[in-house]
Amino acid sequence: MRGLRDTRWDHLLDVLRDRRRGLSLAIATGLVWTVGKISVPLLTREAIDGAIDVGGSALGWALVIVAAGILTGSLTAARRYLAFRESRMVEMILRGRIHDHVLGLHPGYHDTAQTGQLMSRMSSDLNQVQMFVVMLPLTLSHLALIAGVSVVLLITDPLLAVVTLVPLPFINLTARRFSNAIHPAVLAVQSEQAQLSTVVEESVAGVRVVKGFGAERVRMEALTTEADDIREVSMRAARVRARFLPVMELLPSLGLVAVLGLGGLRVLDGSLTIGELVAFNFFVTLLVWPLRSIGMTVAFAQRAAAALERVHEVLDVAPAIADPPAPVDVPAGGGAVSFRSVTFGYSDSLVLDGFDLEIAAGESVAVVGATGSGKSTVARLLLRFYDPTSGSIAIDGVDLRDLRVDDVRRAVGIVFEDTLLFNDTVAANIAFAVPGLDPSADHERIRSAARAAGADEFIERLPEGYGTVLGERGFSLSGGQRQRIAIARAVLSEPRVLVLDDATSAVDPSKEHEIRAAMGAVMRDRTTIVIAHRPGTVAMADRVILIDEGQVAASGTHVELLESNPRYREVLAADSVRLAAGGES
């Protein structure tokens with residue numbers, strides 16, 4: 001088996017230390033179970049030699065053996081229950097850690113990470129770890145049983161014991177070779193399963209796109225390819241198991257054959273009693289399953305090692321966006337925002353270059369620019385999804401990097417272009433913006449936010465009103481309805497700064513006025529950044545800035561820029577053409 005350092009067991013060992021009390025109880029129960037298992041053959045030997053063989057009564061011995069068997073059976077149930085309880089707790093703790101860690105990672109990580117891969121690590125990989133952990137107390141009790149039985153056999157008849165235990169070193173050698181051979185095969189299987197999860201997740205999440213283009217066959221071919229890859233690597237692993245496991249199962253049986261042959265001869269020559277021979281056979285039979293389980297444990301350990309390597313790949317990623325060592329509190333203020341000489345880009349692509357922008361508290365500013373000019377990047381930087389390469393961004397005079405990340409995101413509310421609603425009630429979706437808010441106890445607060453967003457009227461017409469459970473991603477609602485719920489969600493958190501990132505781009509033009517009315521209500525007396533393409537939405541802002549070549553190229557009201565800036569007119573015209581050509585849902 002590979003060393004602990006090589007297989008990244010540190011995360012598992014950390015959890016096992018936390019669960020040491022429960023694991024110790026499971027191990028202790030297993031050790032008592034070992035004593036019970038060893039006692040039954042010894043009692044059987046005494047019954048045969050002390051009662052049956054000399055013509056005495058066997059009833060008393062039978063009752064004692066039955067009692068020992070019942071006790072051992074109860075201990076068997078207890079040790080398995082404790083082992084499974086602890087293994088499931090370890091799995092639950094690790095899953096929680098991965099989930100929390102993934103949510104804490106910066107969006108730049110999620111830009112490249114595959115959802116299916118992450119899902120695989122939190123499901124199938126952790127299941128492999130759980131299967132190994134459940135074997136830990138069981139295997140320790142099996143090892144104790146092997147040691148105890150070996151001692152009893154050596155005391156009873158050293159020669160016969162040596163013959164019986166000869167397979168042990170060969171089992172250990174075979175287990176080591178099996179471990180080295182199976183590890184890469186298991187790792188390949190788990191990697192391919194993650195790829196399959198990615199294909200399935202993409203097909204299900206994008207089912208409307210798949211159906212819209214009639215691409216079911218294309219996705220089926222992708223699924224078939226990944227399924228074939230899994231079959232191929234699984235068969236490779238199966239061939240390894242087929243080569244080693246029969247040997248590991250055969251070796252313990254050879255000891256049983258040796259006991260029957262040599263032991264029978266020793267009974268005939270009087271050097272071994274019938275009771276001792278029966279007990280020997282009993283003990284050898286007891287050894288068969290523990291010895292076979294060693295191979296299983298090795299296989300589970302290799303699967304767990306492969307899984308833990310993949311888990312470590314995620315847990316070892318350090319968040320690029322983190323709280324400062326000595327964070328300061330958000331100062332009192334109305335939400336003044338400043339971008340000073342901000343430079344930022346994705347990979348090798350520079351988006352903002354010396355970007356400067358000052359927004360007064362309570363002012364609304366529309367951000368306009370050509371596709372890829374950096375409009376949404378401004379919003380992402382303000383939310384501290386990313387940090388600028390150089391320059392600074394401040395709210396009410398404090399650099400965002402001096403604030404706690406949670407404080408920044410409570411101070412800045414956002415309505416994304418792509419509205420995501422959860423498969424929950426309308427009230428719960430709105431309350432999502434305030435962690436810990438009880439949708440039932442704070443119903444009036446939720447309803448007030450919905451009124452401000454112009455959503456209360458249509459919500460009340462839903463079958464269960466605010467208690468209506470929305471379908472996945474909220475597709476049971478229209479685009480405008482989803483967007484108004486998203487606005488209500490942002491308003492509920494009472495942010496100092498509200499960002500509306502293309503909030504009307506996915507809405508039918510005939511319904512755009514409804515969203516604009518909702519936007520107008522929530523923008524009043526609140527610092528607002530409106531990222532927009534449509535002139536009607538842009539005109540709502542107190543001031544409009546034009547981003548070009550990574551900088552603020554022009555600033556003024558919508559009317560002023562229309563009259564004085566050709567580039568501004570060109571950008572709006574291009575956006576109008578793009579939206580008319582199919583930029584709307």
Side-chain angles (χ1 to χ4, degrees), residues 8 91 94-131 182-241 299-300 302-317 346-347 416-424 470-476 482 506 582 585:
R8 306 293 187 181
E91 179 187 25
L94 282 174
R95 181 170 289 121
R97 288 188 180 182
I98 297 175
H99 182 266
D100 287 349
H101 186 73
V102 167
L103 291 185
L105 290 175
H106 50 290
Y109 172 83
H110 294 281
D111 290 343
T112 56
Q114 293 181 329
T115 303
Q117 290 280 354
L118 295 177
M119 291 172 60
S120 176
R121 282 160 172 76
M122 281 188 271
S123 55
S124 61
D125 284 339
L126 287 185
N127 186 50
Q128 298 295 338
V129 175
Q130 180 270 327
M131 293 171 67
I182 197 65
H183 181 79
V186 168
L187 188 60
V189 170
Q190 289 171 224
S191 177
E192 292 298 338
Q193 286 176 336
Q195 292 290 345
L196 181 66
S197 296
T198 298
V199 171
V200 173
E201 189 275 334
E202 289 176 345
S203 295
V204 174
V207 65
R208 289 165 180 80
V209 176
V210 173
K211 289 183 173 296
F213 286 96
E216 289 89 347
R217 182 178 296 277
V218 175
R219 298 308 298 170
M220 187 63 200
E221 289 174 355
L223 180 72
T224 302
T225 298
E226 295 300 335
D228 285 343
D229 289 343
I230 289 179
R231 178 185 56 79
E232 183 178 340
V233 295
S234 296
M235 292 307 299
R236 194 182 308 154
R239 285 192 289 271
V240 174
R241 294 189 181 95
F300 284 141
Q302 288 305 318
R303 294 177 189 175
L308 286 168
E309 285 188 14
R310 289 165 47 77
V311 168
H312 179 81
E313 290 174 2
V314 177
L315 291 178
D316 200 42
V317 177
Y346 302 97
S347 299
F416 293 98
E417 175 184 1
D418 183 16
T419 301
L420 174 64
L421 300 180
F422 297 93
N423 187 23
D424 206 335
L470 304 177
E472 187 177 6
R473 298 181 67 88
F475 283 125
S476 58
R482 292 198 303 272
S585 59

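Considering Arg303, Gln130, Arg310 as possible partners of Asp125, the one that fulfils the side-chain contact (heavy atoms from CB on, under 4.5 Å) test is Arg310. The side-chain contact (heavy atoms from CB on, under 4.5 Å) test with His101 singles out one residue from Val314, Val311, Asp316, and that residue is Val314.
Counting only heavy atoms from C-beta outward, the side chains of Met131 and Asn127 approach each other to under 4.5 Å. Two residues are said to be in side-chain contact when any heavy atoms from C-beta on lie closer than 4.5 Å; Val317 and Tyr109 meet this criterion. Between Leu196 and Glu192, the closest side-chain pair of non-hydrogen atoms is not below 4.5 Å. In this structure, the side chains of Gln195 and Asp229 stay at 4.5 Å or more apart for every pair of heavy atoms.
By the 4.0 Å N-to-carboxylate-O rule, Glu221 lies too far from Arg217 to be salt-bridged with it.
With rounding to the nearest 0.5 Å, the separation of CG in Leu126 from CZ in Arg97 is 11.5 Å. One distance of note links CE of Met235 with CZ of Arg231; it measures 8.0 Å at 0.5 Å rounding. Here the straight-line distance linking atom CE of Met122 with atom CG of Leu94 works out to 12.0 Å at 0.5 Å rounding. For the atom pair OG of Ser123 and CZ of Arg95, the computed distance is 7.0 Å after rounding to the nearest 0.5 Å.
Closest of all the heavy-atom pairs between Val129 and Ala307 is CG2-CB, 4.0 Å. Among all heavy-atom pairs drawn from Val102 and His110, the shortest one is O-NE2, 2.9 Å.
In terms of modelled atom types and a separation under 3.5 Å, the side chain of Arg121 and the main chain of Glu313 share no donor-acceptor contact.
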